[in-house]
Structures are given as C-alpha cells and as structure tokens.
Amino acid sequence: EKFLFYRGVGKFQLPISASYQESAIVMNNDGSMPISSAILIDVDAKQIKASKLNAIGAGQAYRFGAAAAVTDQELAEIVRQSLVDEGLYEKEATSMVKTWQRSWFAEEGTRILYIVPAPTTDELLPLHITPQPQETLRVLVGRLEMMSPEAEQQMIDAVAASVIKRSMHLAQQKGQKKKLPYAVPKEIRQFGRMTEPALVRVSKITRDEVIRKEAELLVKQLSSGGALMRPPATCFNPWRGKKRFYFAKSTATNSWSLRM
C-alpha cells in the first residue's frame, strides 16, 4: 500500500450553502448529487458542540439537530468514522483527522464539514497517474465558516473607525522625511485568520462608499504583506452572538490513496 496526502489552493464555487432558520441551522444542497454527511461544529472558549446530518439529497435542504457538547476526542471519532464510511482505511482516516484537527476542532467559531461528492471531486481536480493503479479513492472534505450579523456589524464599525485613523495618520506624516506605513488597527486584526474574508464581506454589503473603499484598502494591505499584520496577544471570537449565520469563507481538504 502507498498513501499520498497533499494540499493545494483552488478557486471554485460549490453549490452548498448554510443559513439559520427558525432557531436552527439549515444546510442547502443545490447540486445534482447527494452529500453523504455533514457535521456542524461550534467551538468557544468553554466547550465544543457538534451535530451531524447523515445525508443531504440533491436539491434538498436539511436542518441540523441541536448541537450537543462533545470532547475533542469524541468529535475526532465522529469525523474519522465519516471518512471511513467514504471508503478510507482506518489509518488513512485517522491521519487525515490528526493533520487537520487543530483548524477543525481547536479554532473558535462555527463551521460545517461536509463530504464533497466523488464525481464533483473528480471534475474539479482531475487526476492522472502513471502507472495506472488498480484503484484510486479520493475523499474531499469541504468546510463552511460562518459569520454572524453581529460580527459583520462589528467589522463595519471597525472599518469606519479605520477611515478616521488613516486620515489622522496621513495628516501626521505630512512633512515627514520618512513616511511610516499605516498599520491595520487591532480591532480589525483581532478577527484573526478570518480578517480578510470579513473585510471582503463588508466591502460587498456596505452602502457607504467611504467604508467600502477603506475595506478594499485594508484587503490590499493584507494581501501585499505591508499591513504590519501582527497577531494580537489574544483573539476574541467574532463568530459568537445570535445564531443567524452568513457564509464567510470555504475551504476544502483532499485525501486520497493509491492501492496497487
């Protein structure tokens, strides 16, 4: 047996979405193929909660049940078993969970892990191997990160404040021989790794042209690495509050093995 794990960066849109309806989180599958399983994970400083959907039919929407408190080991077992059910060997599934356990289970916030249908994986990520193996099995795990309306407003307010701070900074730099770059405010940096997608969200939903331009400037700073983007000593959880979530960012993790 030979196992190959890899990661990469891709840009594509999957027909999957999630929303909050009548005190429950609903996952929508607008695709033409069923999703075999989806796991809702809610992590805060005190505990981990999880809920699982065993199947979401094509063109269907299903509600997650109330998330129950679990340990990280229990959650790891839930995810591992879902991977085994897709055909991965025990060792493969265990290795995949261990590789991604920190970002899946330890980072505060609310997210959904789901199994991307195999035909979709093959279409998005065509694979050619020489010599041709007797069997190729790939499991793609999609991840939806959720953002609450309260977090959206908090970021909007922080961007509005940044407009004033940037203006003051530029005024202070006039006449200076050595121009100092404008630093991204800590109120924005404390959104952690979700800072950039949150700013993109603000730039799309705000009706204030000044705020939109500031959000775009901040995104450019982050992308160029010239933002003085130092991680804050402590990060608060911007995804708490009311359970009405909006999509913020999606990623996917791919595991496959060759059986020759």
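With contacts defined as side-chain heavy-atom distances shorter than 4.5 Å, the pair I48/T71 does not qualify. Using a 4.5 Å heavy-atom cutoff, the side chains of F105 and I41 are in contact. Side chains of P185 and I188 form a contact here, defined as non-hydrogen atoms less than 4.5 Å apart. Annotation: side chain of V79 is not in contact with side chain of M96 (no heavy-atom distance under 4.5 Å). The closest side-chain heavy-atom distance from L75 to D72 is not below 4.5 Å. Side-chain contact between Q47 and K49 is present, with at least one heavy-atom pair separated by less than 4.5 Å. By the 4.5 Å heavy-atom criterion applied to side chains, S203 and R201 are not counted as neighbours. In this structure, F64 and V26 have side chains that are not in contact, with every pair of non-hydrogen atoms separated by 4.5 Å or more.
With rounding to the nearest 0.5 Å, the separation of NZ in K213 from OG1 in T206 is 12.5 Å. In this structure, CG on L125 lies 5.5 Å from CZ on F12, to the nearest 0.5 angstrom. Atoms OG1 and CZ, on T136 and R138 in that order, are 8.0 Å from each other to the nearest 0.5 Å. With rounding to the nearest 0.5 Å, the separation of CD in Q73 from CD in E77 is 11.0 Å. Residue I16 holds its CD1 atom at 8.5 Å from CG of N28, rounded to the nearest 0.5 Å. The CZ atom of R63 lies 15.5 Å from the CE atom of M27; values are rounded to the nearest 0.5 Å.
Here the closest non-hydrogen pair linking P34 and N29 is CA-ND2, 3.8 Å. Looking at every heavy atom in both residues, M155 comes nearest to A198 through CE-CB, 3.7 Å. Across every non-hydrogen atom of S51 and A67, the tightest pair is CB-CA, 3.9 Å. Scanning both residues, W104 and V97, for their nearest heavy atoms gives CZ3-CA, 4.3 Å. In this structure, S17 and D30 approach most closely via the heavy-atom pair OG-OD2, 4.3 Å. When all heavy atoms of I39 and I78 are compared, the closest pair comes out as CD1-CG2, 3.7 Å.
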Requested in this report: Check step by step if side chain to side chain donor-acceptor pair (under 3.5 Å) holds for S162 and Y182.
Outcome: CA-CA 10 Å; S162 181; Y182 176 70; 2.8 Å; yes

Query raised in the report: Could you go step by step and tell me if L83 and I115 meet the side-chain contact (heavy atoms from CB on, under 4.5 Å) rule?
Result: CA-CA 8 Å; L83 296 174; I115 303 297; 4.1 Å; yes

Query raised in the report: Under the side-chain contact (heavy atoms from CB on, under 4.5 Å) criterion, do E214 and R166 qualify, and how do the steps go?
Result: CA-CA 9 Å; E214 179 65 18; R166 187 185 295 274; 2.9 Å; yes

Requested in this report: Run the numbers on R80 and V84 for side-chain contact (heavy atoms from CB on, under 4.5 Å), then give the verdict.
Outcome: CA-CA 6 Å; R80 188 198 65 80; V84 171; 3.4 Å; yes

**Report entry** salt bridge (charged side-chain N to carboxylate O under 4.0 Å, His left out) between E216 and R212, intermediate numbers included
**Finding:** CA-CA 6 Å; E216 291 175 348; R212 183 185 66 78; 2.6 Å; yes

Requested in this report: Check the pair F191, E196 against side-chain contact (heavy atoms from CB on, under 4.5 Å), reporting the backbone distance first and the verdict last.
Outcome: CA-CA 9 Å; F191 277 73; E196 186 171 341; over 6 Å; no

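Side-chain atoms of R143 never come within 3.5 Å of backbone atoms of I112 as a donor-acceptor pair (strictly under, hydrogens ignored). With hydrogens and angles disregarded, a donor-acceptor distance shorter than 3.5 Å links the side chain of E92 to the backbone of Y89. A distance-only check finds no donor-acceptor pair linking the side chain of H169 to the backbone of I164 [under 3.5 Å]. Distance alone, capped at 3.5 Å, is enough to place a donor-acceptor pair between the K179 side chain and the Q173 backbone. Distance alone, capped at 3.5 Å, places no donor-acceptor pair between the T120 side chain and the V116 backbone.
At a threshold of 4.5 Å between side-chain heavy atoms, the hydrophobic network of Ile, Leu, Val, Met, Phe, Trp and Tyr places I205 and V159 in one connected group. One hydrophobic cluster, built from ILVMFWY side chains closer than 4.5 Å, cannot hold both V163 and V219; they sit in different ones. V200 and L217 are assigned to two separate hydrophobic clusters, defined by single-linkage of ILVMFWY side chains at heavy-atom distances under 4.5 Å. Linking ILVMFWY side-chain heavy atoms closer than 4.5 Å, directly or via other members, places L124 and L144 in a single hydrophobic cluster. Grouping the Ile, Leu, Val, Met, Phe, Trp and Tyr side chains by contacts below 4.5 angstrom, directly or via other members, places Y114 apart from M33.
Between the side chains of T99 and Q101, no donor N or O sits under 3.5 Å from an acceptor N or O.
A salt bridge does not link K46 with E108: every distance from a Lys NZ or Arg NE/NH1/NH2 to an Asp or Glu carboxylate oxygen is 4.0 Å or more. At a threshold of 4.0 Å, the pair R102-E107 does not count as salt-bridged, since none of the basic side-chain nitrogens sits closer than that to a carboxylate oxygen.
Within a 6.0 Å radius of CD in E123, other residues, nucleotides and ligands contribute 12 heavy atoms or fewer. No more than 12 heavy atoms of other residues, nucleotides or ligands shown are found within 6.0 angstrom of NZ on K204.
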